[in-house]
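In what follows, a single structure is set out as structure tokens and then discussed.
All values below were derived from every heavy atom in this structure, side-chain atoms included, with hydrogens, water molecules and symmetry-related copies excluded. Because the structure is predicted, anything quoted here is derived from the model rather than measured. In what follows, every chain begins at residue 1, and chains take the letters A, B, ... in the order their sequences are listed.
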Number of protein chains: 2
Amino acid sequence: MATQKSIADKLGLSISLVSRVLSGKAKEIGVAEETIKKVLDEAKRTNYTPNSAALSLRGVKTHTLGVITYDFEDPYFGIILGELHKIAKQRKFTLILAGSYQRDEDTLDLSAFAKHNIEGLIIVGSDRKKDWYENFNQKSIPSVQIGFTTDKIGANICLDESLSANLIASYLHKQKTESATLFFNHSLSHETFKTQHIKALTENGINILEDVICDGSISSVKSGIKQLKQLPDVIIAGDDIMATKIIRSLHELNIKVPEDVKVFGFDNISHARNFIPSLTTLNPPIKEMIQTAFDLVSSPSISKETLRFTPELISRESA
Amino acid sequence: MATQKSIADKLGLSISLVSRVLSGKAKEIGVAEETIKKVLDEAKRTNYTPNSAALSLRGVKTHTLGVITYDFEDPYFGIILGELHKIAKQRKFTLILAGSYQRDEDTLDLSAFAKHNIEGLIIVGSDRKKDWYENFNQKSIPSVQIGFTTDKIGANICLDESLSANLIASYLHKQKTESATLFFNHSLSHETFKTQHIKALTENGINILEDVICDGSISSVKSGIKQLKQLPDVIIAGDDIMATKIIRSLHELNIKVPEDVKVFGFDNISHARNFIPSLTTLNPPIKEMIQTAFDLVSSPSISKETLRFTPELISRESA
DNA sequence: CTGTTAGCGCATTCAA
DNA sequence: TTGAATGCGCTAACAG
């Protein structure tokens, strides 16, 4: 591997001179044009890459961001990661899968942070209180969470929950919908939205028949459907995947969507358009959200603000 | 931050002694029990974490693996990453998103490799010839690819394509299927399987009516369906997502699945069970594959073998 | 059983 | 305009 020393030796110069040239401080300090050129040429010829271990040991910025997530199976995770990676590449950042805090464990492995000198943290997904907050907070690393949280440790990017609920409620209102049933799970994002849905639906004169809580499994959804006392005009699901399972359960019980019941989703997963019936849902401006998240976390002076984004209603067959 | 020096100073010991204890070589060398305890206690108290920049500068193993992918939108990507991360955590490895080689660019950003001293590379997804091979190969880093490739640079984990095709063909044969139409795209994995499908179907006396090539878009699938000269007994799709789009297109044309045509998928995406009709497909043993991949890439003596796994046929409604 | 020293690759201060 | 020396945190060879 080419090092500054190998270049210096070859050219009969001192290491410090080579260092100045290579770190771009040559002009500023006043190095001879010719010397600069020699060093640069030799560096190129030998394929010199600065050793980041040495840099980071010296306290130079590592341009490394940590990504942690709650749920690798989130249908959006791949897309979010792809977007993050695209921006990271442009800006010469490296992304590290710094850890995850799974449902069952409540811990986060922070060793990767220390190990690679992470400069910022991007949290993908919604969550509640973070037990690892304390450890983490010791090293004041800027962070952004993409999703809802009850325990903000840095900046926060999320959807405007009130606006989202209003979008849906007024859409349903225009369709002369009179009654609704809610299907949500216990996740924070579901609960956040549910509160807003109840408010918005009520304001739009839509009667909430029932409020079903179920985990995401198809069996739990199906039994939720079976136990319905009355079929509403519309079922509002916490997300598209749940909507999908609801429609599937209804199908198995021979209830037609949207003829007998309408179903409203949330997320606009890639699949939503091809489902039968295609899903009416809310489409979050993912790219803008990610872009903003990256800007926030990589900016030198990060604020702890919460930025809310507005989704777009996609009207399709299911509602 | 706690360093060995800070511990040594506090305890009035030498740095090297602290180093020996902390790197677990104390016993071996013969350090006083009491000293060991003192150091360990102080390390714990001050939350000591070894600085990896320093370690890697000294040439100590970094326990860092790079992950690159072809396609972040692959529905399996999140799951694969989750599995990889779980194993990595157990074994104290760190995962870096080392780069991606997108369809449009044909390049790989290798700076992350150099930057973090990556010890192994995991390639997620199928691909063809790698143009970055040459750069990469200079530093002989062990690598594993999970997926098909024409240009093996290390170990290779994939499905047994011949066996998979036979599984499907004999299943269809038992159902008295007589004719089939193929829907595949230009990706390597599709093409690999298609060849095997043609062979296996023919051997099972199933007549291949047409062989449609289309990119994944719903419009291209739909126009492919419209242009069909004749409706076969079964349509075999390159993957579940394509199967989904095929069924959707058939639905829009008022053709019933499986009554009028059967549709066979591939992958068993999480969605397959809830689709209407639920997808009959092949389920790859993802966890075992990932586990094996990790074992291979993190083992000191990696072989360049290709390991083939057998999927399981999941019979549901669509075929 | 423990301490001293050197050096990994680099940026920087001080000196020339 | 250039070079020598220092130190970031750590391990290992060598010396007590």
Side-chain angles (χ1 to χ4, degrees), chain A residues 1-40 42-43 46-64 111 113-119 139, chain B residues 1-40 42-43 46-64 111 113-119 139:
Chain A
M1 276 296 285
T3 66
Q4 294 189 350
K5 183 170 188 321
S6 71
I7 296 176
D9 286 353
K10 176 80 181 273
L11 264 37
L13 298 169
S14 72
I15 301 180
S16 60
L17 190 50
V18 174
S19 169
R20 284 167 208 154
V21 174
L22 259 21
S23 57
K25 277 163 195 143
K27 274 282 172 58
E28 190 182 318
I29 295 180
V31 178
E33 279 296 347
E34 198 192 353
T35 314
I36 297 185
K37 186 166 170 4
K38 274 203 303 193
V39 171
L40 255 27
E42 179 64 11
T46 55
N47 229 315
Y48 169 80
T49 325
N51 178 318
S52 84
L55 287 175
S56 115
L57 196 56
R58 287 220 26 123
V60 176
K61 294 267 184 193
T62 54
H63 271 218
T64 301
S111 65
F113 282 68
K115 200 156 127 185
H116 293 275
N117 243 299
I118 285 173
E119 279 169 18
K139 12 191 149 195
Chain B
M1 276 299 285
T3 66
Q4 295 189 349
K5 183 171 187 320
S6 73
I7 297 177
D9 286 352
K10 177 81 181 275
L11 264 38
L13 297 170
S14 73
I15 301 180
S16 62
L17 189 49
V18 173
S19 169
R20 282 168 209 155
V21 174
L22 258 24
S23 58
K25 276 163 196 146
K27 274 282 171 58
E28 191 182 317
I29 296 181
V31 178
E33 279 294 348
E34 198 191 354
T35 313
I36 298 185
K37 188 166 166 9
K38 275 202 301 188
V39 171
L40 256 27
E42 179 64 11
T46 55
N47 228 315
Y48 169 80
T49 324
N51 178 320
S52 86
L55 288 175
S56 114
L57 196 56
R58 289 224 29 131
V60 177
K61 293 269 183 191
T62 54
H63 270 217
T64 301
S111 66
F113 282 69
K115 201 155 129 186
H116 293 275
N117 243 296
I118 285 173
E119 279 168 18
K139 13 190 148 197

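Separating the CZ atom of A:Arg58 from the P atom of D:dG9 is a distance of 11 Å, rounded to the nearest angstrom. Residue B:Ile7 contributes atom CD1, which lies 12 Å from atom P of D:dG9 at whole-angstrom precision.
Under the rule for a side-chain hydrogen bond (donor to acceptor under 3.5 Å, both in side chains), A:Ser19 has no partner lying at least two apart in sequence or in another chain. For A:Glu119, the salt bridge (charged side-chain N to carboxylate O under 4.0 Å, His left out) test picks out no residue, with sequence neighbours left out. Under the side-chain hydrogen bond (donor to acceptor under 3.5 Å, both in side chains) criterion, A:Lys5 pairs with A:Asp9, not counting sequence neighbours. Residues satisfying the side-chain hydrogen bond (donor to acceptor under 3.5 Å, both in side chains) test with A:Thr46, not counting sequence neighbours, are none. Not counting sequence neighbours, the partners of B:Leu40 by the side-chain contact (heavy atoms from CB on, under 4.5 Å) test are B:Val21, B:Leu22, B:Ile36. Taking B:Lys25 as the reference, nothing meets the side-chain hydrogen bond (donor to acceptor under 3.5 Å, both in side chains) condition, with sequence neighbours excluded. In this structure, B:Glu34 has no salt bridge (charged side-chain N to carboxylate O under 4.0 Å, His left out) partners at least two apart in sequence or on a different chain. With sequence neighbours excluded, the residues that form a side-chain contact (heavy atoms from CB on, under 4.5 Å) with B:Lys37 are B:Asp41.
At the heavy-atom level, B:Ser19 lies under 4.0 Å from base atoms of the strands shown. Nucleic acid contact class of A:Gln4 (heavy atoms, under 4.0 Å, all strands): sugar-phosphate only.
Remark: B:Thr35 OG1 to B:Leu11 CG distance equals 9.0 Å, nearest 0.5 Å.
Side-chain contact check for A:Val39 versus A:Glu42: every heavy-atom pair is 4.5 Å or farther apart.
Using five terminal pairs a side, the axes of the helix from C:dC1-D:dG16 to C:dA16-D:dT1 at its two ends make an angle of 50°, given in steps of 10 degrees.
Put simply, chain B comes within 4.0 Å of DNA chain C, heavy atom to any atom, from C:dC1 to C:dG9, going 5' to 3'.
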Considering only nitrogen or oxygen atoms on both sides, find all protein atoms under 3.5 Å from nucleotides 2-4 of chain D and state each distance.
{"unit_1": "D:dT2", "atom_1": "OP1", "unit_2": "A:Thr35", "atom_2": "OG1", "d": "2.9"}
{"unit_1": "D:dT2", "atom_1": "OP2", "unit_2": "A:Ala32", "atom_2": "N", "d": "3.1"}
{"unit_1": "D:dT2", "atom_1": "OP2", "unit_2": "A:Thr35", "atom_2": "OG1", "d": "3.4"}
{"unit_1": "D:dG3", "atom_1": "OP2", "unit_2": "A:Ser14", "atom_2": "N", "d": "2.9"}
{"unit_1": "D:dG3", "atom_1": "OP2", "unit_2": "A:Ser14", "atom_2": "OG", "d": "3.1"}
{"unit_1": "D:dG3", "atom_1": "N7", "unit_2": "A:Ser16", "atom_2": "OG", "d": "3.4"}
{"unit_1": "D:dG3", "atom_1": "N7", "unit_2": "A:Arg20", "atom_2": "NH2", "d": "3.2"}
{"unit_1": "D:dG3", "atom_1": "O6", "unit_2": "A:Arg20", "atom_2": "NH2", "d": "2.3"}
{"unit_1": "D:dA4", "atom_1": "N6", "unit_2": "A:Ser16", "atom_2": "OG", "d": "3.2"}

